[in-house]
Amino acid sequence: MLVFPPHYPDETLGSLASPSSLQGPEPHGWRPPVDCVRANELCAAESNCSSRYRTLRQCLAGRDRNTMLANKECQAALEVLQESPLYDCRCKRGMKKELQCLQIYWSIHLGLTEGEEFYEASPYEPVTSRLSDIFRLASIFSGTGADPVVSAKSNHCLDAAKACNLNDNCKKLRSSYISICNREISPTERCNRRKCHKALRQFFDRVPSEYTYRMLFCSCQDQACAERRRQTILPSCSYEDKEKPNCLDLRSVCRTDHLCRSRLADFHANCRASYQTLTSCPADNYQACLGSYAGMIGFDMTPNYVDSNPTGIVVSPWCSCRGSGNMEEECEKFLRDFTENPCLRNAIQAFGNGTDVNLSPKNPSFQATQAPRVEKIPSLPDDLSDSTSLGTSVITTCTSVQEQGLKANNSKELSMCFTELTTNIIPGSNKVIKPNSGPSRARPTTALTALSLLMLKLAL
């Protein structure tokens with residue numbers, strides 16, 4: 001067990017396990033966090049910092065890590081470095097020196113907490129932007145708001161592939177990974193998985209998400225479309241194998257590689273289900289989750305859709321929990337972060353529907369205002385056949401209310417907007433809890449019509 005002397009502050013280790021220090025006050029007067037490559041340059045320019053950094057790397061490189069960290073010289077090095085830019089540095093995904101940046105980050109952050117953590121802090125800078133603009137493009141491309149009959153017949157994943165072919169960069173990199181991942185090496189070796197993964201990483205890192213997300217997260221109404229979506233990453237080469245390894249073993253393999261470890265940590269940081277937010281996503285940020293998911297493609301932990309079911313969204317790495325022994329509970333928990341993740345499922349559905357959550361104000365309070373006229377509010381269907389029709393109808397209503405800037409008092413439609421964002425529809429289930437609507441909805445209109453006729457007669 002790793003034990004630090006009493007003078008060593010507990011907050012030191014806490015800052016390693018959480019990116020919250022990015023939002024707090026600047027430690028000991030240092031500048032705001034910089035990327036780790038720049039932080040390393042700043043440290044190298046100071047003799048005290050550079051010598052302590054070399055010392056700490058030697059401490060962490062030792063076989064008996066606990067003994068090394070109990071050494072006074074190692075402790076002194078750690079205390080000096082916690083006041084340097086290296087301690088709070090972060091990296092940018094896709095940056096020019098990403099691997100070097102991550103190596104510097106993990107050289108400090110690895111092994112300083114007791115045992116292996118289930119969730120690790122992401123080494124990447126927090127995502128603050130949102131996908132609203134891309135969602136609006138997806139809404140146009142996928143046919144949301146258009147003729148429902150035409151939209152239902154469209155294969156949005158095929159449309160996404162056609163759009164990619166109209167962009168030179170997207171077409172070039174997509175053709176490259178398709179060619180590499182389909183190239184058979186020998187009768188016993190279907191492809192070169194390492195080269196296939198590299199080509200996939202280049203595609204998802206270098207092609208704008210306007211194109212890649214449309215191919216990965218296109219909405220589907222039939223099995224042919226869903227199968228095309230599943231085949232996007234050429235799973236026979238990049239994903240599937242003869243046998244499924246244990247998920248915890250696969251995680252251990254992933255964590256031996258700085259890039260794979262970082263992408264997995266980033267996925268957990270941005271897609272871990274939160275029951276304190278409207279969308280079940282951390283900070284209600286769909287973009288952060290979808291970007292982290294796409295960032296894992298092309299590594300040992302590559303995720304993909306498990307089947308071509310158009311009505312249910314279930315993704316998973318190629319692994320199982322067989323042979324977990326007394327670690328089965330931890331393994332199942334790890335796997336559920338993919339297969340039963342409401343944040344990830346909501347984000348994929350939202351992109352396919354071309355919608356984003358409106359967080360202004362963050363905690364909306366509805367004032368008593370005059371309700372909009374009944375005939376101008378789009379009516380919701382009373383009979384919904386499946387989860388897809390629910391998502392389309394409710395989101396259309398929500399979008400209509402938001403675009404008109406209407407404020408409603410106890411509005412059923414507005415209530416449905418928030419219900420849709422917080423309700424998780426079981427994949428493949430046709431059961432939907434319907435609001436208490438139906439015949440009662442027509443009563444106010446009928447009463448007003450009768451009253452109008454009576455007043456007209458009296459006037460005559």
Side-chain angles (χ1 to χ4, degrees), residues 11-24 27 32-40 82 85-113 115-131 201 204-205 209 213 250-274 276-277 279-303 315 317 333-334 336-338 341-344 347:
E11 291 78 11
T12 301
L13 291 181
S15 66
L16 287 173
S18 170
S20 59
S21 57
L22 290 171
Q23 294 144 4
V34 295
D35 75 72
C36 296
V37 176
R38 177 59 179 156
N40 187 43
Q82 75 180 78
L86 282 170
Y87 215 68
D88 288 321
C89 71
R90 290 293 184 272
C91 303
K92 292 181 181 179
R93 182 182 150 193
M95 63 185 291
K96 188 176 181 180
K97 298 181 179 180
E98 181 180 1
L99 180 58
Q100 181 185 351
C101 183
L102 293 173
Q103 288 172 339
I104 295 169
Y105 173 90
W106 290 114
S107 69
I108 292 181
H109 290 252
L110 267 183
L112 292 184
T113 52
E116 188 176 68
E117 295 180 326
F118 190 87
Y119 295 116
E120 295 182 317
S122 172
Y124 294 108
E125 294 180 358
V127 176
T128 56
S129 57
R130 312 193 75 83
L131 276 180
R201 290 198 302 270
F204 286 103
D205 281 347
S209 54
Y213 286 15
L250 186 64
R251 182 183 67 176
S252 296
V253 171
C254 174
R255 285 182 169 178
T256 61
D257 176 76
H258 288 314
L259 272 169
C260 186
R261 184 175 204 139
S262 301
R263 299 297 175 90
L264 178 60
D266 198 54
F267 171 78
H268 282 146
N270 293 315
C271 290
R272 183 181 176 185
S274 170
Q276 299 178 342
T277 60
T279 61
S280 297
C281 288
D284 285 311
N285 195 329
Y286 285 144
Q287 179 187 7
C289 180
L290 294 181
S292 297
Y293 175 90
M296 287 193 298
I297 295 175
F299 294 95
D300 291 319
M301 197 57 69
T302 295
V315 299
K333 179 183 178 183
F334 175 82
R336 282 196 301 271
D337 279 337
F338 293 90
N341 188 326
C343 166
L344 179 59

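Nearest heavy-atom pair, Asp284 versus Thr277, reported as atom, atom and distance to 0.1 Å: OD1-CB, 3.3 Å. In plain terms, the two heavy atoms of Asn285 and Ala288 that are nearest each other are OD1-N, 3.1 Å. Minimum interatomic distance between Tyr213 and Ala294 (heavy atoms only, all atoms of both residues): CE1-CB, 4.3 Å. The two atoms that bring Leu86 and Ile108 nearest to each other are CB-CD1, 3.5 Å, heavy atoms only. Closest non-hydrogen pair, Cys89 versus Asp35, comes out as CB-C, 4.1 Å. Minimum heavy-atom separation, Ala269 to Ser122: CB-CB, 3.9 Å.
Ring geometry for Tyr293 versus Phe267: interplanar angle of 30 to 60°, hence tilted.
No hydrogens or angles considered: nothing links the side chains of Asn40 and Tyr105 as a donor-acceptor pair under 3.5 Å.
Annotation: the span from Ser107 atom OG to His258 atom NE2 amounts to 8.0 Å, rounded to 0.5 Å. Note: Cys101 SG to Lys96 NZ = 14.5 Å, rounded to the nearest 0.5 Å. The structure places CZ of Arg255 at 4.0 Å from CD of Glu120, a figure rounded to the nearest 0.5 Å. For the atom pair CD1 of Ile104 and NZ of Lys97, the computed distance is 9.0 Å after rounding to the nearest 0.5 Å. In this structure, CZ in Arg272 is found 15.0 Å from CG in Leu344, a value given to the nearest 0.5 Å. The SG atom of Cys36 sits 10.5 Å away from the CH2 atom of Trp106 when rounded to the nearest 0.5 Å.
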Kindly indicate, with the supporting measurements, whether the criterion disulfide bond (SG atoms under 2.5 Å apart) is fulfilled by Cys260 and Cys254. CA-CA 5 Å; Cys260 186; Cys254 174; 2.0 Å; yes

For Leu250 and Met301, run side chain to side chain contact (heavy atoms under 4.5 Å, CB included): C-alpha distance rounded to whole Å, both residues' side-chain angles, the deciding distance at 0.1 Å, then the answer. CA-CA 7 Å; Leu250 186 64; Met301 197 57 69; 3.9 Å; yes

Pair Arg251, Leu264 - check side chain to side chain contact (heavy atoms under 4.5 Å, CB included), show working. CA-CA 9 Å; Arg251 182 183 67 176; Leu264 178 60; 3.8 Å; yes

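With 2.5 angstrom as the limit on SG-SG distance, Cys271 and Cys289 come in below it. Cys281-Cys343 SG separation is under 2.5 Å; the pair is scored as a disulfide.
In this structure the side chain of Asp257 never reaches within 4.5 angstrom of the side chain of Asp300, judged on heavy atoms. Counting only heavy atoms from C-beta outward, the side chains of Phe338 and Met296 approach each other to under 4.5 Å. Using a 4.5 Å heavy-atom threshold, the side chains of Pro317 and Thr302 count as separate. Annotation: side chain of His268 is in contact with side chain of Asp337 (closest heavy-atom distance under 4.5 Å).
Using modelled atom types, one side-chain atom of Arg201 and one backbone atom of Gly298 make a donor-acceptor pair closer than 3.5 Å.
Between Glu98 and Lys92, none of the side-chain N atoms (NZ, or NE/NH1/NH2) sits under 4.0 Å from a carboxylate O, so this pair counts as no salt bridge.
Qualifying salt bridge (charged side-chain N to carboxylate O under 4.0 Å, His left out) partners for Asp205, counting only residues two or more places apart in sequence or in other chains: Arg93, Arg263.
By the 6.0 Å and 45° rule, Arg90 does not stack over the aromatic ring of Tyr124.
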